[in-house]
Asker: 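Dropping the structure in here first, questions after.
Worth saying up front: this structure is predicted, and the values here are computed from it rather than measured. Order of the sequence lines fixes the chain letters, A, B, ..., with proteins taken first and strands second; residue numbering starts at 1 for each chain.
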Protein chains: 2
Amino acid sequence: MTEFDNFFKSAFTVDNVIFGFDEGDLKVLLIKRGEAPYMGQWALPGYFVYPNEDLDAAANRVLEELTGLRNVYLEQVKTFGAVDRHPFGRVITVAYFSLVKISDYRLQPASIARKAQWHPVAQISELAFDHAEILQTCFQRLKNSVQWRPIGFELLPPQFTLTELQHLYEAILETELDKRNFRKKILSMGLLLDLDQIQEGVAHRPAKLYRFDREKYLRFQAEGFHFELKEGKRKEARQRKKMLEEAWG
Amino acid sequence: MTEFDNFFKSAFTVDNVIFGFDEGDLKVLLIKRGEAPYMGQWALPGYFVYPNEDLDAAANRVLEELTGLRNVYLEQVKTFGAVDRHPFGRVITVAYFSLVKISDYRLQPASIARKAQWHPVAQISELAFDHAEILQTCFQRLKNSVQWRPIGFELLPPQFTLTELQHLYEAILETELDKRNFRKKILSMGLLLDLDQIQEGVAHRPAKLYRFDREKYLRFQAEGFHFELKEGKRKEARQRKKMLEEAWG
DNA sequence: TTGCGCTGGTGTAAAATACACACTAATTTC
DNA sequence: GAAATTAGTGTGTATTTTACACCAGCGCAA
């Protein structure tokens, strides 16, 4: 095994945007930095990639140390490698996002985890390094992915109501959806299993509970089925047009 | 400036899938390796990222050394970091693809370029390292990107006929498109400038020449216009269904 | 100069889909 | 048992997508 000249080497890390969904809000798990640089500021959880560790493995490790969760949805998004993105030297980072059920999440004993906290995506302003940019990029990617793959369920408990699912989509897509159309669309895909159970302990008509039928999805997928759940461009276009017209009087 | 422990460092490269379009085929520029490992095999052009060089800059450098072209469409796709992807040590690589007009391409004097050659995507089988996987990933990404952004024009000469454009899309999407519908759709976007010129030197009725109107696109984009040029999923689904039915008789 | 070969160019009708929209049903709480 | 709250449901219309076939214009060769 030949060693490459040190000249060509650089430090590299993974950073993980861990999304959760709670109280109707899309949230991200951030860590308060306890050391320079950016001491005291919030940052994305991340760490160096070990020399004998695959990239995805590193991202999973960061995730597990922090949340105790394994087998979580994880998607590589983009690599950020601006020369000056780290004040102490050249550090290239591979950004991932992952989707966790906050209900499954347990604070881990690892010292790093004690400084972790969920933040609503909408309220995050400043972050250490270029992490604000990374977060935005990952959020965009999530917005996109969720419309083409049935990954939204990763953020909900195993059983959920259609209204919860709709609220999840509304939070991610930052838009409002029509209830009847949403239900029609999602049910017509045949990927939701009606559990013949209803909500308990709510002060109103209880909703039916559903489960995502992953096996069925995999079967459908093999037959060329495409999941698609998105706001039509027609509506979007009209909204934009309206806004422009209002802006110009 | 603190140095990170060498333990966390590793070699870092960019690999570039350079797409071109010629004779109705989508092609990729490959290099015949002149050294170990994989000596004599075809590989994607790539090189180490210099310590003081942004990632995108490195990808552009590789591209320019090889083709002499600047200001070319370039898109970061994915980072490949399996521990054993390079037999001589840990090398993480960021994959890009770029789109060049083969007509602009001139063989460069750089020694590396002398071993370069265009290969039709469809006919590439084995490549050095994990480059076959990288190529496939980039090809998928191109397929996707081309439907949502007007980047196909980057592969054509500045002036082109609608038939050429259609053939380009057919080559990338690996499908056939309906002539009338294609023309209707692309013209209705209003992004093509009719040059009031016609083909010369063809042994049949000459076609009108068009140019992509980038300025107009940018203006439209600011108003929320979305480029979209894709095979409908309905047709796809039907085709797949038909194929399945035939397969099962 | 005529006819053949080739590619360019065009419209319409039918089907599928996206959209907007409002009331009744079931449950808890007071 | 009335009030409050959320669940659940169907239809008509606008728009988009799809399928489909013929005539036009040019070069070339007979």
Asker: If you measure only the distance, is there a donor-acceptor pair under 3.5 Å linking the side chains of A:Tyr96 and A:Asn60?
Answerer: no

Asker: Give the rounded distance in Å between these two atoms: CD1 of B:Ile186 and P of C:dG9.
Answerer: 14 Å

Asker: Provide, to the nearest angstrom, the distance between the NE2 atom belonging to B:His226 and the C1' atom belonging to D:dT16.
Answerer: 18 Å

Asker: Below 3.5 Å between N/O atoms, which protein atoms pair up with nucleotides 8-12 of chain D? Just atom names and distances, please.
Answerer:
unit_1: D:dG8; atom_1: OP1; unit_2: A:Lys208; atom_2: N; d: 2.8
unit_1: D:dG8; atom_1: OP2; unit_2: A:Arg183; atom_2: NH2; d: 2.4
unit_1: D:dG8; atom_1: O5'; unit_2: A:Arg183; atom_2: NH2; d: 3.2
unit_1: D:dG8; atom_1: N7; unit_2: A:Lys179; atom_2: NZ; d: 2.7
unit_1: D:dG8; atom_1: O6; unit_2: A:Lys179; atom_2: NZ; d: 3.3
unit_1: D:dT11; atom_1: O4; unit_2: A:Lys184; atom_2: NZ; d: 3.0

Asker: Taking atom C1' of D:dA7 as reference, at what distance in whole Å does atom CZ of A:Phe160 sit?
Answerer: 16 Å

Asker: Expressed as a whole number of angstroms, how long is the span from A:Phe182:CZ to C:dC19:C1'?
Answerer: 16 Å

Asker: With a 4.5 Å limit on heavy-atom distance, are the side chains of B:Phe139 and B:Val28 in contact?
Answerer: no

Asker: Find every protein N or O atom lying less than 3.5 Å from an N or O atom of nucleotides 27-30 of chain D, and list the pairs.
Answerer:
none

Asker: Which residues pass the ring-ring contact (aromatic ring centres under 6.0 Å, His included) test with A:Phe160, not counting sequence neighbours?
Answerer: A:Phe153

Asker: Looking at residues at least two apart in the chain, or sitting in another chain, which of them share a ring-ring contact (aromatic ring centres under 6.0 Å, His included) with A:Trp118?
Answerer: A:Tyr105

Asker: Let me know the distance between CD of B:Glu228 and P of D:dT16, rounded to the nearest Å.
Answerer: 11 Å

Asker: Under 3.5 Å, side-chain donor or acceptor atoms of residues 71-78 of chain B against the rest of the protein: list the pairs with distances, not counting sequence neighbours.
Answerer:
unit_1: B:Tyr73; atom_1: OH; unit_2: B:Glu75; atom_2: OE1; d: 2.6
unit_1: B:Glu75; atom_1: OE1; unit_2: B:Ser145; atom_2: OG; d: 3.3
unit_1: B:Glu75; atom_1: OE2; unit_2: B:Arg141; atom_2: NE; d: 3.0
unit_1: B:Glu75; atom_1: OE2; unit_2: B:Ser145; atom_2: OG; d: 3.1
unit_1: B:Gln76; atom_1: OE1; unit_2: A:Thr79; atom_2: N; d: 2.8
unit_1: B:Gln76; atom_1: NE2; unit_2: A:Thr79; atom_2: O; d: 2.9

Asker: Using side chain to side chain contact (heavy atoms under 4.5 Å, CB included) as the criterion, list what pairs up with B:Asn144, not counting sequence neighbours.
Answerer: B:Trp148

Asker: How close or far is atom P of D:dT17 from atom CD of B:Gln147, stated in whole angstroms?
Answerer: 13 Å

Asker: Any side chain to side chain donor-acceptor pair (under 3.5 Å) involving residues 192-207 of chain A? Give me the pairs, sequence neighbours left out, ordered by first then second residue.
Answerer: A:Asp194-A:Lys208

Asker: Name all pairs fulfilling the side chain to side chain donor-acceptor pair (under 3.5 Å) condition that reach into residues 153-166 of chain A, sequence neighbours left out, sorted by first residue then second.
Answerer: A:Glu154-A:Arg214, A:Gln166-A:Glu170

Asker: Taking salt bridge (Lys or Arg N to Asp or Glu O under 4.0 Å) as the test, write out the residues that go with A:Glu133, two or more places apart.
Answerer: none

Asker: What is the distance, rounded to the nearest whole Å, between atom CD of B:Gln199 and atom P of C:dG8?
Answerer: 7 Å

Asker: Using atom NZ of B:Lys185 as one end and atom P of D:dT16 as the other, report the distance to the nearest whole Å.
Answerer: 11 Å

